[in-house]
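Treat the numbers as computed from the prediction; the structure is a model and nothing was measured.
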Amino acid sequence: MILASAGSGKTYRLTDRYLELMSLGVEPEKIIALTFTRKAAGEFFDAILRKLVEAIRDEGKLRELRVGTGQADLGVDECHGMVRTLVARLHLLRLGTLDSFLASILRTFPLEHGMGGSFEMLDEAGMARARREVYRRVFEVAGRSGEAAFLEAFKQSTFGREERSLVRNLDGFVDQYHRIYLWGPDGRHWGNPGLIWPEGQPLLLRPPDASSAAVELGELLERRELSDQSLAKWREILAEVPALRPGGKLGKSLDTPMKNLFEAYPAIVAGTATFAIGGKRYEYDASECGRIADLLNWVLYCELMARVESTRGIWQVMERYEGQYADTVRRAGKLTFEDVQNILAGVIRASDEDVKCDINFRLDGHFDHWLLDEFQDTNFAQWRAIRELVDEVVQDPSGRRSFFYVGDVKQAIYGWRGGDSRLFGEVRDRYNQGEEGPIYQLPAMNKSWRSGPAVIGAVNAAFGNPERMGKLLPAATVERWRESWEEHCVEHEDRDGVVQFLQAKDELEKFALAMSLLEEIRPHERGMSCAIIVRRNEDGKAIAEYIRAHSDIPVVVGADIPLGADNPVIAALISLLKFAAHPGDGYSWEHVKMSPIGPLIDGRGLGKEGVVREVLEDVHAGGFESVLDRWLVRLAGAGVSLDEYSRMKLDELREATRVVDVKGERDVMAYIEFVEAYRSSDAEAEGVVQVMTIHASKGLEYDMVLLPGLDGNKGMDDLGRVPVAVKKGGERDVEWVLEFPTKRVWEQDEVLREMVEGKRAEGAFEGLCALYVAMTRAIHANYIITEKPKTAMSSAKYLAEMIGGEEKEWRMDEAEGVAIYEVGDVDWYQSRAVATKAAHDFSGPSWIGGGRGERHFPRRVRRLPSAASEEGTRSVIGNYFAKERRAALVFGSVVHALFEAIEWVEERDEVIRGDFGGRPLIEAEEVERAEAEVLACVEKSAVAELFRRSKWGADVEVWRERAFEVVREGEWISGVFDRVMVERDDAGSVRRAVVVDFKTDRLGGGKRADALAKRYVGQLEIYREVLGRMLGVEVGMIECGLVFTAGPELIWV
Amino acid sequence: MSLKPILREFLGWEGPLLERVTGWLARDWDGAGVWDLSGTMLVVPTRQSGRRLREYLAGYAAEGGRGGVVVPPIVLSPDGVLSKLGCGESGGELAAGSIESLLAWVRVLMRCEPGNFPALFPVPPEERTFRWALATAREFQNLRQSLGDAGMLLADACRVLGEGFEEAARWEDLARLEGRYLKELAGHGLVDREELLKRVAAAPVLPKGVERIVMAGVVDAMPVLVQMLGAASKSVPVMLLVYAPEAERERFDEWGRPDPGSWGYEDMDLPLGDEELEVCGRPAAQAARVVDLVRQVEAPGNALALGVLDAQLLPILERSLVEAGVDAYDPEGVPLSAQGFAHLMRSLSNFLRSGTFADYLDLLRCPDYLRWIERLSGAGGDQFGVARLLRSFDDFLATAIPDDFKTGVGRMLGIRGEELSLEERAAVRAGERVLASLGGGTGASALQELLQEIYEGSTVGPASSLSAHAIEVGAARVEEAVGELSGALGQGLAGDEGLEVVLGALEGERLYVEGLPGALELQGWMELLWDDAPNLILCGMNDGLVPEAVVGDVFLPDLARRRLGLEDNEKRFARDAYLLSALLRWRRSIGGNVRITIGKTGADQEPLRPSRLLFLCSNDALVARCERLFVKVKELGPSVPWAAAWKLRVAEEKPVPLGHLSVTDFRGYLACPFRFYLGKYRDMEEAEPGKLEMNPADFGNVMHRVLESLGKAGVREATGDLAGLVDYLLEELEIQVRKTYGATLTVPLTVQVEAARQRLRKAAEVQLHAWEAGWEIEHTEWRIHEQIPDWTIEGVRLRGVIDRVERRGNKVRVLDYKTADSGDKPTGEHYSSVTRATDVHSVPAVALFRLAGKLKRWKDLQLPLYCLAARRLYPDLGAIECGYFNLPKAVDATAIEPMVVTDELLEEAERCAGEVVRAILAGRFWPPAANVRYDRFGPLLFDAPEKTIDATGLAEVEWMAAEGGGGVS
Ligand code: SF4
């Protein structure tokens, strides 16, 4: 295990470990290396190979590698061998993310986990849709079973609150309780006082008798000389409080008195208290206070009971939701990443027994050595899913297997999605029962290879002073931080740069400061990378928009901005689609009309009806991309030229659209939801200022960083409203759940207070981590820009307290503020010249050299002769499904088969059954009908002579169902002759050649054979020519006949 | 294998495979007239290569003015051979179709007790639903098909894998289950395809007229094919053409398959230069690079073979090429599932499964379906409005919020009965027809009848068109599926289950398309050997794709495949190593050019690695090769700064003034003149497609109507006490709800109605107090514009409805019901203070006024204007009072909240109203106000209105001046 600080070369260390294992003779497929992102996995592998290659090429690098791997005698040949091994086993290497590894386990063990068949991953839009579908089912089920129980549960879940929107409430519940439910599905753990207060909660044990307290207090107070107003208020209190019931509420007019009373609560409990009721302060003695305390405790009791009740109600609602979700979504094979983790972790349980899978066989692997990166972000379910595998490794007595994990608790910023940095220590302790356990903690890495002295100096100042931190943050937070903190040092002492901490008077001024810095430094023109890092997406969007609106600095907002939300063209196209699906949507219609699409619609005279019809038709026939393309082409045709940014965004839109189209999805709203939630993948950009969140910035580095949005509206010590309290066990299983009561209540309860303290400490720790990550991205310069902090402990305030010094006026262009910290060279950037953009020319020499230029035969389009008869025809689709047509098709092929079986009618077998395959596609009587029809042809009528041997000369050859391939007029034609008869004279030259084509069209009812025959002229012309070529005779002498079997009728063409 | 082909011939690689094979076939042809190959059965690797060969044969025959005609051989792919030779007579038994086999599996699975197969189903599924059975059945079917390649059944595999095998118990379970499955089929007189195949492999029946079998260029003949051809060699000669020089003989087995032992790294040094390899970034970057390369080729359609080895690249490459002016297409065609027909089928299936009104609307939006309705309605041409129909159904869904279709339709007929238009009626009838025909367990053929009916009036172009092809194929698949479903195995399936099976049968079906002449084909790996273009580009040459690697599987991981003799990673590597060297060798000999591009990152950011084949080089070259292939690629992302593509032309001319204004309009203008303009002049209201419950406005409407009823004469007397009043209101609520939502409410509506009840209970108390205080209701829903038709402001007529006018002696009071959750106080809702912090661009100057010397801004003029109206109606009475009747979420706060309106305030309000109207008349709507909360126009403005909106026709709004007071433009 290694703790490695930001920029200290974690990945480098991991690659060393990998190579160390390989040089010890471990086969690479026995090493599993799991990273947090896919990108990291890719970089990891490249780094390994590059290291080897460099070592082969460069003596110095080889020495470094020897040190890194601890293999002092590592030679070039061995490196060579390792390269060979690696490239030969690329497909077997296990380098990837933990989640994809888990998914591959589940994919190979579906039946072991109660799943039928394969599964697909749900995307964000898919999840939202799935949720709605589940609601609908829940409602449907509730409706069917008389709904009373469900309504009762719902009512209980919102105990004491009237709720107008079921759906909105459900959304709230699902957001809040989904994960909790999965880890604690047992209803007994929800709102169960026995579990929350094993010793008993005094209030709940002995609810005070409010009525008698009120009566007694009333009597006491009547005897005192209180002001009229005060007495009146007291009377109100004495009337209302005893009448209060769990879930009820006191009238608004009691707000102030209750506030005063609870402020004085400690004193009241102590026995004497002074406070104001009805505007006047009085002192109250012990006997009064005793009664007052009873009344107040009754209020507390009611609220606590209400939360107990509502928690139980919420469980009932969640149980229905989750049950339905499991049924309709999960069991249908649609999973989220979290589902995969939870299934494998046994959180979503497939059965009561533990299933044990031997993954080696089915995964084609055997993992002896584990390397885990960014371990602080691993969540407990992930860990639990792999724990047994790791156990095996760690506890392997042979010592031939290993487990190696790296991370930085200080960068644990994924707590909000389950990242569980406590695992770091827990895992160590799990295996190290004694002092010396199997897990060695290697020396922490605290030297920054990334940042210069200015940046690291500020980091040390901001995070390396526990004493001062202790004054600002909860003790538990500071303690935890101290455990993972060590003073940072710098590899590149001479790296120039600066750290400035500026304060602005308000948000706009803050943006102005940031912008003026960018305008002054112009990093994009000096070839420097620059990022604006903020806490929340919204902040990023706001500052990007500010800069766009007020300057020419090219800012690019990370991929977190949904597609539709930032480009007018996409927005208009979405409106067009939305209108087509929902023609009542005036918003979309007007939007489209205002956009350049509007004139196109008018120009084509479409109107609403036309647009709806056309767009729906296009979606239907060709998918969404075809609609986009069509309108974009039209726009281009109308001279609307799109800027580069829009074109780029449209490319992303197409990418997203394809995902939808491929699935065959044609529901417009589903498409729009998908597109609106679609996040294009991140890429580095050059020559621009990138705006991103702290979370997105993880693992990245920039020459300079602006930090103008550290807080969002959340502080370091901001508790917000704790919506729910969950007590978790060591296995993160839920011990109890309680919807959280107000401060008034929890302050009086030890268990709940402890809970709040814990949360506060945790929140502050995450705040520190986020700040640490934000401040360690810069190579040269950090510009921290905040508003003047208010009293609450925000990041801005924290930093100001930790590193802030004297205020200095600070002004740049229009913007002004104060600088409270400044280290380094403010003009550091001046040494980098402003470059003018050079146009790049990528066109190298052509790759096409001499040699034969083209294919031997040019590619030809293939044509079937029958196509000639179809040109320009349209047919009714309905007929394709008509019994008659189906029957006719089968009938036709039966007739052809029957004809094929006949060479000459004289020689035909008694029964001329052809081979129609095994399936009874046609009724027996149909076959008889076909036989009868064929017989009629060959025996009677003008047709008969074609089949009568006696009508032909001695040397006659018959071809039946004979295929041909031929090139004709540059086209490649594939065809089949139904029947050809070639009669030759004694000299062997052709005397007569006849092509016959059988047609089973039904005649009559206005359909006449001679008229029909016209359609087939083209087809027969081709036959004629081909046969002419085959026989080497003039085309003119080939006779072509159409046999209409229904007649029967023979028509010469 | 004891059976051997009679002849194994090595074609050498002096020329392309097509040329070599053709040359070989043409040995016996005299070169004129008919070239009769009809006695030959020719086995080639794929459908597409067969086609390519036939084309080449035709070209060869015609070459040099020979004008020859080919009577082609029977060309088959290995799969084709299996079905052609494998489905002969089998003692009167019928081979089960794939749906029949699927259904048999489903039956077996539904009946079996998973507990009896503990190794296979260690965790029994919670519920054995049809869906589960179907999914599992498909897995088993696939597994059996893979084994079928080796001529094995599950039972055979179980035996081969042997007892000591890791998962022996599991395979035994599989084998037992297979036994049941076979029995199930046999019970229906059917025989399993794999079983049949296994049986006939030993004694294949050749088609009539076949004189010899030639297998050419097939490098991975599966065991069952080998067995079959070996058996056939007893009756006809079987010849094998290997595309390699004779000298390489030892590197192939007797069936032409590259021997894994001789195509490894030790054996090979591919003729490939580092400069021919290029690593690109993401798919888009790679596609762009390939387009570059293609464009350097003259007539790429005929000079270039383009192999697209990574399917992710296909769509983007196709599109980029076409954009660059190069015709390109994917000969693998388009999936049927992307065609309109599949859309209709899926919509039908969804509707059938859920039966909801909303899903019916999805079906309704399907053009094929709409055409049916148009025909059903009998309303032709312009009379039939799609937009109108969809809108009306959407509206109905949004107002009545029905869940299932049947109830929804019932409500619709109930509410609108007589007024339903022809088209609406037709849409209703169509839905009922669909349910009637497929809803029950009415045999599968009902589907065809329904489709016939739906498609009665739609047409498609000639058979060669894609749409006709789609229908042709779709109809054929439906026919087959229905045929199999109609058998005994399909009995007892529900309509939607049957439809699901049919949909499954459409899945994976592809429609092949003809490219334009000279178009560039985007070919798959296995096709490339059959292309004789001298220049070659391979793109997407990444590990795992070529050679394909199977690492891990539910049943057949690599180890198992190897033991079973199926294609495994080693064999695939050898095959592909051979293929790549064959692709390169002959091109080298004629000076053809080669480029290979390799992706670095996939579409969803997964890192990609180069194909292992590319390291088939000498040790000396290896390091340089690695440097070339593991190079850092700068993934240059969007280095393009944001720009607005265009401006929305919101108003080109000054807007035509409205004829009247509503009292509630002022609020909109005062908040933001521009947004007011968009909403009022351009009618920009959004639809709410996914509604499950009442929105706040719906809720308010219901409450309004209930409260309105309090104004009826005699209510007070009739209701008596509180309980009576509560009863009355609740009953009224019942009536109102029933009117719109029907007698059976969905669950969310029930919850909402309960909320309404709670609020009304409290409202009754408040009402009773008001009555007791002497306030009598004089009017409800009092329409200003009817009462005072001549009331105008600046010449514009005013409209408005006062919820309630009350009177107590000489006093009059006007009330407005507010049902928002928050229960705001009226004063704060009407005006607020202006401070230094107020953003000047959020307050139009017309909103400003002074109250007791302090600067204020109007936010709303509703109650003051009501007061002014009431004053006109009651000119003789004294002061008019006003307020909100608040019915908020916190029911304890239910109250009549008065607003104090002094004469001075009314005067200010009137003045403000006048100025607002003047500003509106002057078209002062630009620009939008800053700091607007909940901005529904955000998606149009992008927070940069100057860059995104063109409002030429709008005059500028006068905003308040920085220090308050006055105005600036
Ligand atoms: S051993 Fe347990 S956790 Fe691991 S894959 Fe098997 S069932 Fe899942």
State, yes or no, whether a side-chain contact exists between [X] and [Y] at a heavy-atom distance under 4.5 Å.
{"X": "B/Lys632", "Y": "A/Arg50", "result": "yes"}
{"X": "B/Arg936", "Y": "A/Tyr587", "result": "yes"}
{"X": "A/Glu112", "Y": "B/Phe121", "result": "no"}
{"X": "B/Val460", "Y": "A/Tyr880", "result": "yes"}

Smallest separation among heavy atoms of [X] and [Y], with atom names:
{"X": "A/Arg362", "Y": "B/Pro557", "value": "O-CB, 3.7 Å"}
{"X": "B/Trp646", "Y": "A/Val640", "value": "CE3-CG1, 3.9 Å"}
{"X": "A/Val87", "Y": "B/Tyr265", "value": "O-OH, 3.6 Å"}
{"X": "B/Val747", "Y": "A/Ala142", "value": "CG2-CB, 3.8 Å"}

Contact class of [X] relative to chain B, heavy atoms under 4.5 angstrom:
{"X": "A/Met669", "value": "side chain"}
{"X": "A/Asp651", "value": "neither"}
{"X": "A/Phe150", "value": "side chain"}
{"X": "A/Ser118", "value": "both"}
{"X": "A/Arg658", "value": "side chain"}
{"X": "A/Glu617", "value": "both"}
{"X": "A/Ala326", "value": "neither"}
{"X": "A/Ser875", "value": "both"}
{"X": "A/Val138", "value": "neither"}
{"X": "A/Arg57", "value": "side chain"}
{"X": "A/Ser104", "value": "neither"}
{"X": "A/Pro858", "value": "both"}

Have [X] and [Y] got a donor and an acceptor in their side chains that come within less than 3.5 Å?
{"X": "B/Gln752", "Y": "A/Ser165", "answer": "no"}
{"X": "A/His582", "Y": "B/Asp394", "answer": "yes"}
{"X": "A/His856", "Y": "B/Glu63", "answer": "yes"}

For chain B, which of [options] has the most heavy-atom pairs under 4.5 Å?
{"options": "A/Leu90, A/Ile877, A/Leu151", "result": "A/Ile877"}
{"options": "A/Lys249, A/Arg331, A/Glu140", "result": "A/Arg331"}
{"options": "A/Lys578, A/Arg136, A/Lys155", "result": "A/Arg136"}
{"options": "A/Arg1029, A/His80, A/Glu609", "result": "A/Glu609"}
{"options": "A/Val53, A/Val612, A/Val966, A/Leu111", "result": "A/Leu111"}
{"options": "A/Ala621, A/Ala571, A/Gly623, A/Ala88", "result": "A/Ala88"}

With rounding to the nearest 0.5 angstrom, report the [atom1] to [atom2] distance, [X] to [Y].
{"X": "B/Glu627", "Y": "A/Leu49", "atom1": "CD", "atom2": "CG", "result": "10.5 Å"}
{"X": "A/Arg666", "Y": "B/Asp362", "atom1": "CZ", "atom2": "CG", "result": "13.0 Å"}
{"X": "A/Leu616", "Y": "B/Leu370", "atom1": "CG", "atom2": "CG", "result": "7.0 Å"}

Would you find a donor on one side and an acceptor on the other, under 3.5 Å apart, between the side chain of [X] and the backbone of [Y]?
{"X": "A/Trp847", "Y": "B/Leu293", "result": "yes"}
{"X": "A/Glu965", "Y": "B/Pro72", "result": "no"}
{"X": "B/Glu693", "Y": "A/Leu166", "result": "yes"}
{"X": "A/Asp364", "Y": "B/Val551", "result": "no"}
{"X": "A/Lys608", "Y": "B/Arg388", "result": "no"}
{"X": "B/Glu55", "Y": "A/Arg859", "result": "no"}
{"X": "A/Arg38", "Y": "B/Pro607", "result": "no"}

State whether A/Asp585 and B/Arg391 are salt-bridged, where the test is any N-O pair (Lys NZ or Arg NE/NH1/NH2 against Asp/Glu carboxylate O) under 4.0 Å. no

Most heavy-atom pairs under 4.5 angstrom with chain A, which of [options]?
{"options": "B/Glu456, B/Gln448, B/Glu453, B/Glu606", "result": "B/Gln448"}
{"options": "B/Ala135, B/Ala645, B/Ala62", "result": "B/Ala645"}
{"options": "B/Leu678, B/Thr136, B/Asp368", "result": "B/Asp368"}
{"options": "B/Leu559, B/Asn619, B/Val650", "result": "B/Asn619"}
{"options": "B/Gly301, B/Cys366, B/Ser458", "result": "B/Ser458"}
{"options": "B/Leu451, B/Leu390, B/Asn302, B/Asp403", "result": "B/Asn302"}

Take B/Val123 and A/His113, measure what side-chain contact (heavy atoms from CB on, under 4.5 Å) needs, and give me the verdict at the end. CA-CA 6 Å; B/Val123 175; A/His113 295 97; over 6 Å; no

Test salt bridge (Lys or Arg N to Asp or Glu O under 4.0 Å) on A/Asp46 and B/Lys600; report intermediate values, then the result. CA-CA 11 Å; A/Asp46 284 1; B/Lys600 187 89 185 164; 2.5 Å; yes

Proximal component of [X], with respect to chain A [non-hydrogen, under 4.5 Å]:
{"X": "B/Arg51", "value": "both"}
{"X": "B/Ala61", "value": "neither"}
{"X": "B/Ala519", "value": "neither"}
{"X": "B/Arg649", "value": "both"}

Test ring-ring contact (aromatic ring centres under 6.0 Å, His included) applied to B/Tyr56 and A/Phe857, step by step: CA-CA 7 Å; B/Tyr56 201 92; A/Phe857 302 116; 4.8 Å; yes

Whether A/Phe45 and B/Phe630 hold their rings parallel, tilted or perpendicular, with breakpoints at 30° and 60°: perpendicular

Just to verify, what does A/His91 make a ring pair (Phe, Tyr, Trp, His ring centres under 6.0 Å) with, not counting sequence neighbours? none

Listed by chain and number, what are the salt bridge (Lys or Arg N to Asp or Glu O under 4.0 Å) partners of A/Arg107, not counting sequence neighbours? none

Look at atom CZ of A/Arg862 and say whether more than 12 heavy atoms of other residues, nucleotides or ligands are closer to it than 6.0 Å. yes

